[in-house]
Amino acid sequence: MSLTRLNIEAFRNIQSAQLTPAAGINLIYGQNGSGKTSILEAIYFLGMGRSFRSHLSQRVINTEQDKLTLFATLSLPRGDSKIGLRRFRSGETEVKIDGDKVKRLSTLAETLPIQVITPESFSLLFEGPKSRRQFIDWGAFHSEPQFYAAWMNARRVLKQRNQLLRNGAPYSSIQYWDLEFVRYTEQVTEIRNRYVDSLNELLKGIIGEFLPRVDVKVSFTRGWDSKADFAELLAAQYSRDVATGHTVSGPHKADLRLRVGTLPAQDALSRGQLKLLVCALRIAQGKLLKQQIDKHSIYLVDDLPSELDAQHRQLLLKQLTDTGAQVFVTAIDPAAIVDSLHAPPSRMFHVEQGRVTVVE
Ligand SMILES: Nc1ncnc2c1ncn2[C@@H]1O[C@H](COP(=O)(O)OP(=O)(O)OP(=O)(O)O)[C@@H](O)[C@H]1O
Ligand SMILES: [Mg+2]
């Protein structure tokens, strides 16, 4: 799966750009502020309906325009697919896939699985558990279709439960919700657990290449004491839940633990090593998707050379090339990428003040 055409209009500083990306490595280069990250952000926006940089989607619309338009042709095994997205300053979003209006943004994500690695997203993975949970759920969502409904249901019931807790409802009226909550939680947890197990298999090899002398362990924690029965725990923790006004333990507290020896990874690794660990996680995730449902992800790697020495740039680019996926990488200096590749990039784009040109 790859993008064979990408049109961007009124997105950040890009007024109008038409790109014809190639399969393999696409290198985007240009000076600070030229619009490199904006191109990756536009691809992400098209696949996810939101930005990876700002939670305020209005900010990505060019300041002089009242709407942005993105359009792409996606080459799939079953033929070409056309995706269009329009976002208005009023907040409205219009999405079309092959001419048909799409209501659920998750349909976009299914069509266009994206792996993004940016200097910001990699530090995110070492902050709160939320982004690590999102990482697991991205994989769970793509690998087992029933995950989406199970998780939506668990969240819906959790919200009801929390509302009752805040109202100080007696346990007898919460008990009914707990039956459902436990059922959905089991489904969600099983899928997440299975997913992390499969991911670990692939991850070992990649981490072994990137960080051969470091003993990294990745494990799943489900969000409550692993020895406890969840239904019993909910009953036992009722008073505490009422006191805090929300459900203290559960699938909404699940996490991915990244450890080096006995230490959390962020305390044990250097910045470059952390970046490589995040790259390994993302690459493993893309590879697993290919194995499980025969679908390629698209990789967006912003400022690939930063924090990495020449040897690790080479290793990273080799791993990305080996995925067989379409990859977009940005750099200020194109030599930092070209010199680390065994073959020239499939295509190079130069960006200057929001204008994009192909470099022959
Ligand atoms: N909504 C907007 N409308 C117009 N311009 C914008 C908007 N949002 C951001 N910009 C501008 O877009 C330009 C491109 O930003 P971008 O982050 O893509 O640059 P970059 O090439 O990735 O730079 P760097 O090498 O510093 O990472 C910046 O100068 C920024 O000020
Ligand atoms: Mg940038």
Side-chain angles (χ1 to χ4, degrees), residues 3 6-19 21 25-72 85-94 114-125 131 271-272 274-276 278-279 282 298-309 313 316-317 320 326-340 345 347-359:
L3 294 176
L6 174 67
N7 293 0
I8 305 173
E9 250 152 66
F11 193 99
R12 300 260 187 211
N13 70 333
I14 303 170
Q15 292 291 358
S16 176
Q18 291 80 41
L19 287 80
I25 306 270
N26 291 274
L27 168 57
I28 299 162
Y29 71 94
Q31 294 184 333
N32 290 137
S34 56
K36 302 179 296 296
T37 305
S38 302
I39 297 175
L40 301 191
E41 199 182 13
I43 299 172
Y44 186 88
F45 207 93
L46 192 56
M48 303 291 282
R50 60 183 160 84
S51 164
F52 58 72
R53 272 205 282 196
S54 164
H55 61 280
L56 298 171
S57 291
Q58 256 61 312
R59 299 255 164 99
V60 301
I61 302 173
N62 182 274
T63 42
E64 287 156 28
Q65 307 292 331
D66 61 0
K67 64 170 187 296
L68 67 83
T69 310
L70 301 170
F71 171 82
L85 183 149
R86 196 161 266 168
R87 171 93 194 183
F88 298 87
R89 208 166 274 288
S90 61
E92 205 189 327
T93 307
E94 254 177 41
I114 292 177
Q115 292 291 349
V116 51
I117 303 166
T118 74
E120 296 78 31
S121 75
F122 95 77
S123 58
L124 249 181
L125 215 52
S131 50
R271 281 184 61 83
L274 285 175
K275 174 163 175 167
L276 289 164
V278 171
C279 291
R282 297 279 177 205
I298 288 178
Y299 284 89
L300 310 177
V301 190
D302 197 22
D303 203 1
L304 183 142
S306 71
E307 322 259 5
L308 301 180
D309 58 40
R313 281 177 207 169
L316 174 56
L317 282 162
L320 285 167
Q326 187 176 38
V327 182
F328 292 83
V329 303
T330 72
I332 293 164
D333 175 11
I337 300 290
V338 175
D339 295 350
S340 302
R347 200 145 294 165
M348 289 213 272
F349 299 94
H350 181 228
V351 200
E352 205 176 358
Q353 292 177 15
R355 281 186 299 277
V356 188
T357 46
V358 177
V359 181

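When a residue number appears, it is its place in the shown sequence, counting from 1. Ligands are counted one by one from 1 in listed order, and the atoms in each one are counted from 1 as well. Note that this is a predicted model, so its numbers are computed, not measured.
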Are any N, O or S atoms from N32 nearer to the Mg ion (ligand 2) than 2.8 Å?
-> no
What protein heavy atom sits nearest atom 7 (C) of ligand 1, and how far away is it?
-> R12 CA, 3.6 Å
Side chain, backbone, both or neither: which part of I61 comes within less than 4.0 Å of ligand 1 when only heavy atoms are counted?
-> backbone
Determine, stepwise, if the pair Q58 / R87 fulfils side chain to side chain contact (heavy atoms under 4.5 Å, CB included).
-> CA-CA 8 Å; Q58 256 61 312; R87 171 93 194 183; 2.9 Å; yes
Using the side chain to side chain contact (heavy atoms under 4.5 Å, CB included) rule, take F328 and L3 through it: C-alpha gap first, then chi angles, then the decisive distance, then the call.
-> CA-CA 10 Å; F328 292 83; L3 294 176; 4.2 Å; yes
When rounded to the nearest 0.5 Å, the distance separating CZ of F349 from CG of L6 is 8.5 Å
Hey, does the side chain of R347 reach the backbone of N26 with a donor-acceptor pair shorter than 3.5 angstrom?
-> no
Quick check: are there more than 12 heavy atoms from other residues, nucleotides or ligands sitting under 6.0 Å from CD of Q18?
-> yes
Closest approach of any protein heavy atom to atom 17 (O) of ligand 1, naming residue and atom | R53 NH1, 2.8 Å
Looking only at non-hydrogen atoms, which of K36, E41, E64, R59 approaches atom 20 (P) of ligand 1 most closely?
-> K36
K275/E307 salt bridge by N-O under 4.0 Å criterion = no
Main-chain N/O of R12 paired with N62 side-chain donor or acceptor, under 3.5 Å = yes
Side chain proximity check, T37 to F52, heavy atoms < 4.5 angstrom = yes
Quick one: nearest non-hydrogen protein atom to atom 28 (C) of ligand 1, plus distance?
-> G33 O, 3.9 Å
By number and element, which atoms of ligand 1 are closer than 4.0 Å to a non-hydrogen atom of S38?
-> 14 (C), 15 (O), 16 (P), 18 (O)
Residue selection (non-hydrogen contact nearest atom 13 (C) of ligand 1) among N13, N62, I332 = N13
Nearest heavy atoms of L40 and L300, plus distance in Å = O-CD1, 3.4 Å
Looking only at protein heavy atoms, identify the closest one to atom 26 (O) of ligand 1 and say how far it is in Å.
-> N32 ND2, 3.1 Å
Heavy atom of G35 under 4.0 Å from ligand 1?
-> yes
among protein heavy atoms, the one nearest atom 3 (N) of ligand 1 is T63 N, 3.1 Å
Atom 27 (O) of ligand 1 has as its nearest protein heavy atom T37 OG1, 3.9 Å
Under 4.0 Å from one or more heavy atoms of Q31, ligand 1 contributes atoms 21 (O)
Nearest protein heavy atom under 4.0 Å from atom 31 (O) of ligand 1, yes or no = no
